[in-house]
Amino acid sequence: MTPILSLQSVSKTFTVGAHEVRAVDDVSFDVAKGECLAVVGESGSGKSTIANMILGIYPPSEGTISYRGTVLPSSRELSHRRAIQLVQQNPLSSLNPKRTIGASLRLALDVHGIGERSRRWERVGKLLEEVGLPADYRSRSPATLSGGQRQRVAIARALACESEIVVLDEPTSALDVLVQARTLKLLNELKESRGLTYIFITHDLSVVRNIADRVAVFENGKLVELDTVETIFSNPADPYTRGLIGAVPVVTREEEALRTSLTEKENNANA
Amino acid sequence: MTAPTLLIRDLRLSFKGYSGLVEVLHGISLHIDKGERVALVGESGSGKSVTARIILGLLQTMRTARISGTVNFEGRDLEAMSRAERHRLRGTKMSMIFQDPTSSLNPVYRISEQFHEVLKRMVPGIGRAEADRKAAAMLADVSITEPERVLASYPFQLSGGMNQRVMIAMALANEPSLLIADEPGTALDVTVQAQTLKLMRELVTRHNTAVLFISHNLGVVREFADRIYVIYKGRIVEHGKATQLFDNPRHPYTRALMNAIPRITGEGIPKIQDNSDEYLAPLVVHEGCGEPGEVA
Amino acid sequence: ATTGQAAAQTVLRLDEVAVGELDPGKATDYADSILMFNVYDTLVLPKQGEVGYAPHLAESWETEGNDFIFKLRQDVKFQSGNPLTAEDVVFSFDRMKELGQGLSFVFTKVEGAEAVDEHTVRFRLSEPYSPFIASLVRLPIVDKKLVMENLGEGEGEMKDWGQAFLSSHSAGSGAYKVVSHNPQEETVMEKNPDYFLGVPDKAPDQVRLRYSLEATTVRTLISQGEHDISSQWLPPEVLKSLAADGAQFLTETGGGAFYIKMNTAKPPLDDVNCRRALSAAYDYATGIRMVAITDEIAQGSPSTGAIPVGMYGANPASEVMQRDMEAAKKYLAECKHDPSEFTLEISWIGEVPIEERFALLMQANFAELGIKSEIRKVPWALFTEQVTKPENTPNISQIFVNAVTGDPDTLMYPMYHSSAAGTWQSPEYLKDEKVDALLEKGRTVMSDEEREATYSELNDRLMEIAPTIYAYDRQSVFAASNRVKVPALSDPSKSFGMDGMGFTFRLMEMTGE
Amino acid sequence: MSPVVRLVLKRLGTSLIVLIGVSMLIFAIARVIPGDPARIALGPNATAEQVENLRLRLHLDQPLSVQYGHFIADLAQGDLGVSLYTNRPVTQDIAQFLPATLELIIVAGLMMILIGLPLGVISARYRGSWADSTIRIFTLLGVSAPSFVWAVILMLLFAYFLPLFPIAGRLADSMTVPTVTGFLLIDTLLAGNIKAFGNAAWHLVLPAFALALSGIGQAARLTRSNMVETYDKPYIEMAESYGFPEGRIARRYAFRPSLIPSLTIIGLDFAAMLGNAFLVEAVFAWPGLSRYGVAVILRKDLNAIVGTVLIISALFLIVNIVVDFLIAMINPRIRLSQRAQ
Amino acid sequence: MKRTLAILASNPLSAVGVLLIALVVLSAVFADFIAPFPEHRGAVVDFVNFNKPPQWPYIFGTDLVGRDMFSRIIYAYRISLILGVVVLAIAVPIGVTIGLVAGYVGGWTEYVLMRITDVFLSIPPLVLAMSMMGLLEPTLTNGMIAVTAMWWPWYTRLVYNLARSEKEEGYVLAAEVIGASKLHVMFREILPNCVPSILTKMTLDLGFVILIASSLSFLGLGVQPPTPDLGSMVAEGAKYLPDSWWLTVFPGLAILIAVFGFNLLGDALREILGVEQ
Ligand SMILES: Nc1ncnc2c1ncn2[C@@H]1O[C@H](COP(=O)(O)OP(=O)(O)OP(=O)(O)O)[C@@H](O)[C@H]1O
Ligand SMILES: Nc1ncnc2c1ncn2[C@@H]1O[C@H](COP(=O)(O)OP(=O)(O)OP(=O)(O)O)[C@@H](O)[C@H]1O
Ligand SMILES: [Mg+2]
Ligand SMILES: [Mg+2]
């Protein structure tokens, strides 16, 4: 079975003045339909860059990205656009300050002709309610929302498209745990009911533990480890991964125990 | 007894919209003593960021905002201060880490220029080279591996986490007496986050800085904060020492929060109601945690 | 700018609207004339204070059949030091003819010029042409030797006839020589100390002729003592305020008039009675009042007919044209066109704002007769284009016309001879045999009496068939600072009968700084 | 830097194409202007024969394409033909008049920048205050009367009632400097004549200000309205929270990102003045190209029209390149865009 | 609507703007009732009362042929407003559209469109107007066409440069990622962010258009006498400053009032249009 999304030796190099930044360095991986691939790793290791390339916002410097076996060009047809959606890391800048969030949400429905025209406005309200916002936030402007509220709008917008793949770049970092739980639950439900595929970029390993099927770990532009969530947490191969898990801030004793066991392993490995 | 670094009494805020007045803060009171690390946790949209902005005096100039209540800084009422006096505090005695780092940095200036500006608040005559040196050291402290490159970059050329660390470095640079950190670690991986928290803790102990720490990451809060206020829909609902609160959450909302934390041990996504009338129950204050001047 | 000289130097500053053309072979308008008369000399000059022409470079002349033979003065040197000889006269004439520009058309009846000896010139005319002597004031004598030394690129023996050189240098014998010439700014001239008639001490040492100054600028300059003589084109209100600031007025009554021309080739003004009706309905007195500056001085004097007062054939100054509504109504009743069926198109030249007021005056005047009209502003370029076709020519156009030589022939012939139709001077498209015959006769009869009689007859005929509303006789009014005295422009007994001659700087006097 | 150089070269290359396009267009358009150039040039009294002769000399009897061929052939030798208005080569006219106008409009352009932008910054920073209202009235005055009316008013105020400034021309009659560049501010300095420099500068003040007034108004209003928007951006709040001096926030943080519209319009205003300054030049008796341009248009002086329009066009092209470049400089996101084209 | 009213009510200055515009429009519409000498809008000459300073009954004085300035100004609003509004109503959409396309689409489209704009900018207005006169009837309509033809490139340049910068904003990317059409991105995402500049420029241009009409009428293309228009009044009157100051000052003030009103209104409009519903 062909993977729904596949990256082959993708690299991206930026130049900043005299500096060359190899943000993504020869990365290949496949994403299977219906799975949730968590992407974790160092800050600045190229996670968002990969997301942007998958969406065709930047062209990759090298390598190709294919969707269901066909290589995606950077200017895409509507169907390809609909197939993959993105929740940007920086929700404020991804919302047009001159449009109400209702208008921004409705766009997704209008573009893809989702639902009856006359009922779309209502649907926008529903979408907002699904992410825990009152329907009357439709007529608010982005500037008057809190950080977490904006993030939820961005999620709602990505979900509105009813796409196959959703790339979520730190979608819940500004949410309190209750709302986060609710959002994750929503994502899970959609995954079950519609067979959605997620590429879930996050720093919150506790979330990864509970939502991901597989985990990709990045360090400095390279993919250092890719395995199922169980393996990663119980028996991580890469020392960087182990370090990450060992540093997770936790609230219960059992969790601390897990952390220390991993850290000990690390210490043993080093010894 | 010296006055607390920050004392907020009955702060109310409403926004005037086209459909009328919407109250966002319903009278919150909190305080932070010198050298204390106080966390403000709570629902998304409950009013944490606006509280922070009011402390800095950023909302006061907004046409649609209506504010009442008192905010005292080191014993002095901020509202009673002259504009200039108030202005003098910013960036020197108080500084803030903004929630949305990428939008909060000016897109048309390089990081180095923006950092220079921040450092000038403390040392007005500081030169660019000197500032760059200092900035590079600060950035290295927050685990930025290529400080020169970051200084030479525009904010949109950096990753979210890098911008966040730039913000943190800026906020710490002038060693303020009050640091407001609005979700400072969201875009950081856990190792870097741990490193920055350590840095902040050092600052607190070294300079007796008071910290208002706003976060959704209760794990981080537990590790970092001395005292915690829990806020729900514009009201403080529970207030206690970190240990008290984590060991014995009393308010229904706090309890719900605690239960909703995803566990690294992997128990699936917790099934908790995110909305309930119970959450509106009155304020619970833990032993020894009353507001100064009030009967606990 | 020039090199500064001794402090005692007197500077005369004046302005003109159009850029002065320095090449004497191309000179046409007022500014050109001022330059020409001061930098160059001519064989004859208009007499001061009376009609007729006085010898200048020529000592005397005689006629031989149609030909004219001139004896030249022998003491004249060009500014270059070259002596002025018959060769130069012939060269100047040939050059004028060959270039075919400027006022060369006044010499169409001259077949050629030849040097009989060093100081004698013969002009051969093809037919009797009485205005010839008058035309000679338009033949400035150019320094042949100097020009030949400075020929520019061109084909043939004479290459460019020195056009490039003469457009920014002078090659004359005149009382003033050109120091610098910037067509957008000014021409600076200085006294020629070797002038053959001598230049009086009181005459300005330096003259700056500035171009295209705005009314406000002139006013401010004069009030600050930085300007001496304004152009004649200032609106009356501005002249009035200059007088209030203490300026004096200079006047020049020349052979020109303000004509309101009616297109006789197009209905409704193809009907003579309609034209007569308009002529009678026009409010002459108010027209003069509109250009009045003070109670005594106006930019026009009442017109007495087609020919301006002071020229051959003009009606006496007392017979002024007057409005007569009764007559107007009578004529209109006889007109074959019904006023309810047409709308007159009254045009005015955009460059001459005062014409707007006349257009409005006419509109109001004609409305009293029940004639509708609409006003149309046209820029000069468009106007000259429109008049080339009778159907495009407006019903009514307003034109200021001057006689280029002071002779009625040069004024009337280009306006009313049927062969001249379709130029800016002749938007009437007049075709009248009697007028043609009289115009032709006027230029051949030689004696003053005969000419007077012929032009008088012409005048009557033109009044009768009314192709034009003879609105007023031109009177040029200049505002001047009190540092200058210009007898030719303030004392009728010293005035010249020709436009621009009043600005003979050697006859001006500068007082004070 | 090399991609920038490449970009500029590319722009200059296409500018040449634009210039050729403009030359063809203007060649055709100018001939549609009513009037017979020969007739106008020869003056009212010329005969039909004289007119016809001149028409032949100007090739006006030939088809347009042939005329254009003549034009291009001459242009290749740096010859734009002879002006019928001044009877001099057009190149000579342009060389004499262009520096005068350029000097004037450069000073006016500087005034737009140095007065207009700060006024905009002040009114944005103190929006709603009396300073804002005063500036609003002042800037709107600039668009309520044309520049030459302001020229007249300024002249009356500062030369007639209060004789502070010179009235006409570029330099006092008593002064003289050798012409090197044609820019008096430069030539006086080259001649080492400080007094003349001061005098030339003094002559520039009123006409340049009259010309600049509308641009000042536009720059100020556009700057203000964009800065008001920028003030709502989170990075301004961040700058405020750090207590950067308010003036500095206004000047650096809010101003620079808001500069795009004002810069665009100032650029256009600047280039347009080369064609539009004629009435102001007339009031101050400024021997400039703008006045020349209008004189030749009204006289249908074909060679001179084509010559001046090409100069105006070149100025527009240069200014637009500079503005586009500056905007890319001001906004690094344009310059460093990573977007797929 | 409710929001609009609320904005207007909360901002006294914009209320002043509305009031001024109302004043101007009403006086234009009801000129026949307001003007003390309605016939003076036409060809009336009164050489007894000409060039009179303000005095009863000529509160703004009389012009050089004796017509009441106040009446003429009131009537002049009619033609001047129509002129300004019509020209802008045509030029702005054209200019804005081209600018948006060039700035957003980029590549060859940008090159071609912007170079065409450069060509249009390069033709001096006077040449354009003069040659139009050679081709077309010298009517007011054709005059407006000429003005429009020289006006749009300014908006193109303005919007082009704004669009180039807005294009890099995250919300544009977001809309593209959703699959929004180019049209949508240009007109619904980018355009609203250019509105403040466009509105500001428009309110200023209203004054310029009114004034440029006077230079056109010099060519016979614009408003023809005796019909009063503010631009010509200001321009012609300037010759008679300072003595007959009322000839320039009052029409100038009349333009100022209109521009001022529109400017204030523009600010309010910016707020009303602030966020797209
Ligand atoms: N300018 C404004 N106008 C109207 N309402 C606003 C404005 N700014 C914030 N609000 C509202 O005030 C409430 C509190 O916002 P605030 O940003 O303080 O939330 P928060 O507690 O920081 O939430 P988060 O954790 O999601 O960042 C939110 O419901 C928000 O919608
Ligand atoms: N437009 C750009 N120009 C230059 N460098 C860039 C650009 N975008 C990203 N980079 C660089 O690429 C690297 C990877 O950035 P990216 O945003 O992908 O990181 P990330 O993994 O998402 O990090 P974080 O977790 O902090 O968001 C960083 O070093 C960043 O500075
Ligand atoms: Mg990222
Ligand atoms: Mg917040």
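Below, chains carry the letters A, B, ... as their sequence lines are ordered, and counting in each starts from 1.
Residue E:E166: no heavy atom, backbone or side chain, is found under 4.5 Å from chain D. Using a 4.5 Å cut-off between heavy atoms, D:I297 touches chain E through backbone and side chain atoms alike. For D:Q218, the parts lying under 4.5 angstrom from a heavy atom of chain E are both the backbone and the side chain. When heavy atoms are compared at a cutoff of 4.5 Å, D:N226 approaches chain E solely by way of its side chain, counted from C-beta outward. With a 4.5 angstrom heavy-atom cutoff, D:K300 does not touch chain E via any of its atoms. For D:R31, no part sits under 4.5 Å from any heavy atom of chain E, backbone or side chain. Contacts between E:P251 and chain D at a heavy-atom distance below 4.5 Å are absent for every atom of the residue. For D:A272, the part lying near chain E is the side chain, with the backbone staying farther off; criterion is any non-hydrogen pair under 4.5 Å. For E:V172, the part lying under 4.5 angstrom from a heavy atom of chain D is the side chain only.
No side-chain heavy atom of D:I17 sits under 4.5 Å from any side-chain heavy atom of E:R115. When side chains are defined from C-beta on, E:L204 counts as touching D:L140, because their heavy atoms get closer than 4.5 Å.
Smallest separation of non-hydrogen atoms from E:R157 and D:V323: NH2-CG1, 3.8 Å. Here the shortest heavy-atom pairing between E:V127 and D:V309 reads CG2-CG2, 4.2 Å.
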Quick one, D:R221 with E:K201, criterion side chain to side chain contact (heavy atoms under 4.5 Å, CB included). Give me CA distance, side-chain angles, the key distance, then yes/no.
CA-CA 8 Å; D:R221 296 303 302 167; E:K201 174 95 182 102; over 6 Å; no
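Comment: E:D267 engages D:R136 in a salt bridge, judged by a side-chain N to carboxylate O separation of less than 4.0 angstrom.
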